[in-house]
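Below: the structure, in structure tokens.
Throughout, numbering of the chain's residues begins at 1 and tracks the sequence.
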Amino acid sequence: TTPPPAPGGSRKTTLPYKVLPVFCVSLFGGLAANAYQRRDVASLVAFAVAFPTMMNNGGRVLSPLMQLANKKESDELKVLASVFKGHVIDIVGMVAMLGLTLYAQKQ
């Protein structure tokens, strides 16, 4: 049996789910433009931090969730642990990008 739909629609129909890819591309584009324009160490490092953050998001968050959704992974706790670790690493990456960008703007 399939579970009943969530109140307010499924996760894929909510606004944040639809807007998040635009935010990610805009963030990457902004970091690239800032690094190109300023060409200082802090801006370049902030742009460089974006790559492992993106790879982490794909490998530790999206991939396990897709495997769980497609029934290729049955251990939900393993998936949740991976997603939690991925989000913690993403938060560290986002704070580093924000901090480095703000530091570069003060220079």
Side-chain angles (χ1 to χ4, degrees):
T1 64
T2 59
S10 72
R11 185 175 72 91
K12 291 185 179 183
T13 61
T14 60
L15 183 63
Y17 185 86
K18 294 177 181 181
V19 174
L20 194 59
V22 174
F23 170 75
C24 293
V25 171
S26 300
L27 175 66
F28 187 77
L31 287 168
N34 188 46
Y36 178 76
Q37 180 184 14
R38 298 188 60 85
R39 293 188 180 104
D40 63 349
V41 174
S43 297
L44 294 171
V45 172
F47 181 61
V49 169
F51 288 101
T53 303
M54 287 187 307
M55 296 302 293
N56 170 66
N57 197 37
R60 292 191 195 273
V61 178
L62 297 177
S63 181
L65 287 175
M66 295 304 292
Q67 288 178 355
L68 185 63
N70 294 331
K71 306 293 184 204
K72 292 181 181 175
E73 178 65 57
S74 60
D75 188 1
E76 292 180 7
L77 290 178
K78 180 180 172 184
V79 170
L80 289 175
S82 176
V83 169
F84 178 75
K85 186 175 182 180
H87 279 108
V88 169
I89 294 170
D90 283 345
I91 289 170
V92 170
M94 292 293 291
V95 168
M97 286 184 273
L98 179 63
L100 286 163
T101 302
L102 291 175
Y103 176 78
Q105 298 302 322
K106 288 185 178 183
Q107 297 280 323

Q: Would you name the heavy atoms of Thr101 and Ala46 that are closest together and state the gap between them?
A: OG1-CB, 3.9 Å
Q: Report the distance from atom CE of Met94 to atom CG of Asn57, rounding to the nearest 0.5 Å.
A: 10.0 Å
**Q.** Interatomic spacing from OG1 in Thr53 to CE in Met97 - rounded to 0.5 Å
**A.** 4.0 Å
Going by atom type alone, with no hydrogens or angles, which donor-acceptor pairs under 3.5 Å involve a side-chain atom of residues 25-34 and a protein atom two or more places apart or on another chain?
| from | atom 1 | to | atom 2 | distance (Å) |
| --- | --- | --- | --- | --- |
| Ser26 | OG | Val22 | O | 2.8 |
| Asn34 | OD1 | Gln105 | NE2 | 3.2 |
| Asn34 | ND2 | Ser43 | OG | 3.3 |

(Q) Hydrophobic clustering (ILVMFWY, side-chain heavy atoms < 4.5 Å, transitive) - are Met54 and Phe23 grouped together? (A) yes
Q.
Suppose the criterion is salt bridge (charged side-chain N to carboxylate O under 4.0 Å, His left out): which pairs have a residue in residues 26-55, not counting sequence neighbours?
A. Arg38-Asp40
**Q.** Cluster overlap Phe51 with Val41, hydrophobic side-chain contacts below 4.5 Å
**A.** yes
Q | Pairs involving residues 53-103, ordered by first then second residue, that meet ring-ring contact (aromatic ring centres under 6.0 Å, His included) (sequence neighbours left out) | A | none
Q.
List the residues meeting side chain to side chain donor-acceptor pair (under 3.5 Å) with Asp75, not counting sequence neighbours, and say none if there are none.
A. none
Q.
Can you tell me how far apart OG (Ser82) and CG (Leu62) are? Round to the nearest 0.5 Å.
A. 10.0 Å
Q | Minimum-distance pair of heavy atoms, taken over all atoms of Val49 and Ala96 | A | CG1-CB, 4.3 Å
Q | Residue pair Pro64 / Gly59: nearest heavy atoms and the distance that separates them | A | CD-O, 3.4 Å
Q) Hey, what else clusters with Val95 if you join Ile, Leu, Val, Met, Phe, Trp, Tyr whenever side-chain heavy atoms sit under 4.5 Å? A) Ile91
Q) Taking only residues two or more places apart in sequence, or in another chain, which ones meet Asn56 in a side chain to side chain donor-acceptor pair (under 3.5 Å)? A) Arg60, Asp90
